[in-house]
Amino acid sequence: MTKTPKFLGRLPILPIAVLMIVLVIPALFADFIAPHDPFKAYLRNRLQPPLFFGGTTEFILGTDRLGRDILSRIMHGARYALVISLVGIILGAIVGTVLGLIAGYMRGVVDALIMRVVDITFALPSILLALALAAVSGPSFQLVILVVIFVIWGFFARQVRAETLILRERDFVARARVAGASDIRILRKYILPNIINTIVVLATLQIGVVIVLEATLSFLGIGIPRPIPAWGLLVADGRQLIVSSWWISFFPGTAILLTVLSVNMLGDSLRDWLDPKLRQV
Amino acid sequence: MSASVLQVKNLRTVLDLSSGSVPVVDDVSFDVGAGETLGIVGESGSGKSMTALSIMQVLPQPIGRIESGEILLEQTDLVGLSDEEIAKVRGREIGMILQDPHTSLNPVFTVGNQVIEALQINNPGTSRKSLFGRVVDLLKKVNVADAERRVHAYPHQMSGGMKQRVVGAIAIAGAPKVIIADEPTTALDVTIQLQYLELLRDIQEETGTAIIFITHDLGIVANLCHKLVVMYGGKIVESGTVAEVFRAPSHPYTEALLKSVPSVDQKVDRLYAIEGQPPALSADRKGCSFAPRCPYARDICTREVPQQEAGLSGGDTHLASCWNMGRDT
């Protein structure tokens, strides 16, 4: 029994490779590797088709209505996808997990109160909320993250509460209590470690939701302000030309698809790794 | 024996159900001294586990509460202590071993980690590294073979008997004065049961801790315990030393329990069983709880609660509560 994480031995190569190529490397190094300035309009090269569809090597994935290079825009957009998903989901997961733990462990009035707030956030249209907030403060990066937290924390709170309700009745929690463990210690050492895999899987599943949410907000003009090339905006840009110039929406859409798919696959591997019963011995 | 370490006096625990307050432990008194083992015997629903939960004050919330009585640990009354004070008693003064070893360990940590955890609770502020040597010692003390390697094992990699030994190690980590073992061998197979009982006895001899052993197996009681209380319907129906009670069982329920133990040298077609069901929990019960199942039941048994009297053995500590003690058996 060695201490090396078995995860390293069974690294899911494909999803990690895809994520690196589509999301992480462009997000970090877009300034150096992008072939063109994402904001520069090559007006003479408007609506260039991609390579192999009549295009040239200069604009591998074609250009949009203003002649901006799609590849460069996707690369720069990766940064926003990464930051918004990471920050929004981590903050949303923390808020939801803490409140879910409290609700499930304490039960009673506190539980009822927290879960009614969750119900309210589910009932309230998030788009409407974003519109109201945008009307007050103007569209911004912070606003998008705030809306993301607002939309996803309830999923975490519900799931964590449900699992806490089950776990708090388990024998090993009772045993910890008769061994003198405090409530905080029970939550930290006995309940949280047993639901962390659920949280991780849930978080990866939320990435798809968040990217689509960001796209929706951007599309409505209350998300990331133009001309920042967020992926959602890029998809929205090609909406009217989808029949004649399909590549404008297709390639950003593919980037979203590959990212969400890889992250979900990675989430599965991560869950297996976090569950000692599935860890290979 | 020596002065009692834990003394329970007239303990009454109720569950507040929608149908009213139901007593699950009713006027229970017993005491146990250092180096002594007390057996609490009874079938499911007799209140023996509830007695243990009352002592640890981990009754099901919010419905369970101790209504009256005293639980004296040496001189301190545990009833009415604040949550922080009682948390210090758990593990440090009174350790507990639960019934099912398969569910009483945290599945996501190694067993070594969990023993360290127990040590840390009892010695706040010590680093995990400094406790590591003591973990191996503890595991060796509970006869975990190959302890140096096993500290890194996860619970699911161990057998039931091995896990129950780890639970035992956790229970003795705080060097408690009293260990409450709630049917610790029920989930183990028979050969392992014996080993585990011997282990408990060894620990007791070494540390002088008092043991409260909850079981429905009279064979274990005869082997391991010094004295016993027999519970039925939340009440103690008979108590005394093992010798007294086994020589002259004075309550019909004890008698029936002893008759239910199969014997190796007698060939029987059907094993003996007590007819009927244990009493359902209800707020208003009259007379002796055992009366509906009792072969000697008379009129008075269903009307009035019998008082404790000296048992048939004539021993000093032998007590039983029955209207028919002078019966011909």
Side-chain angles (χ1 to χ4, degrees), chain A residues 1-7 101 103-112 160 163-201 270-281, chain B residues 52-53 55-58 60-62 83-84 86-110 112-115 117-122 124 148-157 163 166-167 170-174 176 179-180 182 187:
Chain A
M1 248 159 281
T2 53
K3 282 260 174 186
T4 36
K6 296 288 188 289
F7 185 54
L101 279 174
Y105 193 74
M106 294 184 59
R107 304 182 48 193
V109 186
V110 183
D111 180 22
V160 167
E163 301 222 358
T164 307
L165 282 177
I166 299 169
L167 283 166
R168 72 193 292 280
E169 304 301 333
R170 291 278 296 275
D171 279 356
F172 64 85
V173 173
R175 203 224 70 230
R177 196 168 292 133
V178 296
S182 63
D183 288 342
I184 302 280
R185 187 182 277 270
I186 288 174
L187 281 171
R188 204 163 51 86
K189 295 278 217 144
Y190 293 83
I191 293 183
L192 187 60
N194 279 290
I195 49 179
I196 198 85
N197 48 6
T198 310
I199 297 171
V200 168
V201 173
L270 212 54
R271 182 197 52 201
D272 293 351
W273 175 65
L274 288 167
D275 187 345
K277 280 190 196 128
L278 295 173
R279 220 175 289 180
Q280 272 167 9
V281 185
Chain B
L53 297 185
I55 295 171
M56 295 306 260
Q57 298 189 24
V58 284
Q61 290 302 321
D83 285 352
E84 291 93 58
I86 193 75
K88 279 183 191 152
V89 171
R90 297 180 195 135
R92 256 182 263 189
E93 308 284 343
I94 310 178
M96 193 164 175
I97 299 169
L98 301 180
Q99 185 171 350
D100 188 353
H102 301 284
T103 56
S104 41
L105 291 171
N106 191 347
V108 297
F109 291 122
T110 62
N113 210 320
Q114 301 190 46
V115 180
E117 167 93 7
L119 287 168
Q120 263 189 328
I121 293 172
N122 297 305
E148 286 87 354
R149 209 167 54 88
R150 283 263 166 66
V151 289
H152 300 299
Y154 285 90
H156 70 273
Q157 297 167 326
K163 279 189 245 186
V166 174
V167 174
I170 291 171
I172 61 170
I179 294 176
I180 301 176
D182 190 355

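Excluded from the calculations below are hydrogen atoms, water molecules and symmetry mates; all remaining heavy atoms, backbone and side chain alike, are included. Owing to the predicted nature of the structure, the values given are computational and were not obtained by experimental measurement. Chain naming here is simple, since letters A, B, ... match the order of the sequence lines and numbering starts at 1 in each.
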Could you tell me whether the side chain of R92(B) and the main chain of G174(B) form a donor-acceptor pair under 3.5 Å?
-> no
Which bit of I170(B) is near chain A, if near means a heavy-atom gap under 4.5 Å: side chain, backbone, both or neither?
-> side chain
Residue V167(B) versus chain A: region with a heavy atom under 4.5 Å | side chain
Any idea which of A174(A), A176(A), G180(A) has the most non-hydrogen atom pairs under 4.5 angstrom with chain B?
-> G180(A)
Output a table of donor-acceptor pairs, distance under 3.5 Å, between side-chain atoms of residues 184-195 of chain A and any protein atom two or more places apart or on a different chain; print 'none' if there are none.
from, atom 1, to, atom 2, distance (Å)
R185(A), NH1, E117(B), OE1, 3.4
R185(A), NH1, E117(B), OE2, 3.1
K189(A), NZ, E117(B), OE1, 3.2
N194(A), ND2, Y190(A), O, 2.7
N194(A), ND2, N106(B), OD1, 2.8

For A52(B), the side chain to side chain contact (heavy atoms under 4.5 Å, CB included) test, sequence neighbours excluded, returns M96(B), I180(B), I214(B)
Kindly compute the distance separating NE2 (H156(B)) from CG (L105(B)), expressed to the nearest 0.5 Å.
-> 12.5 Å
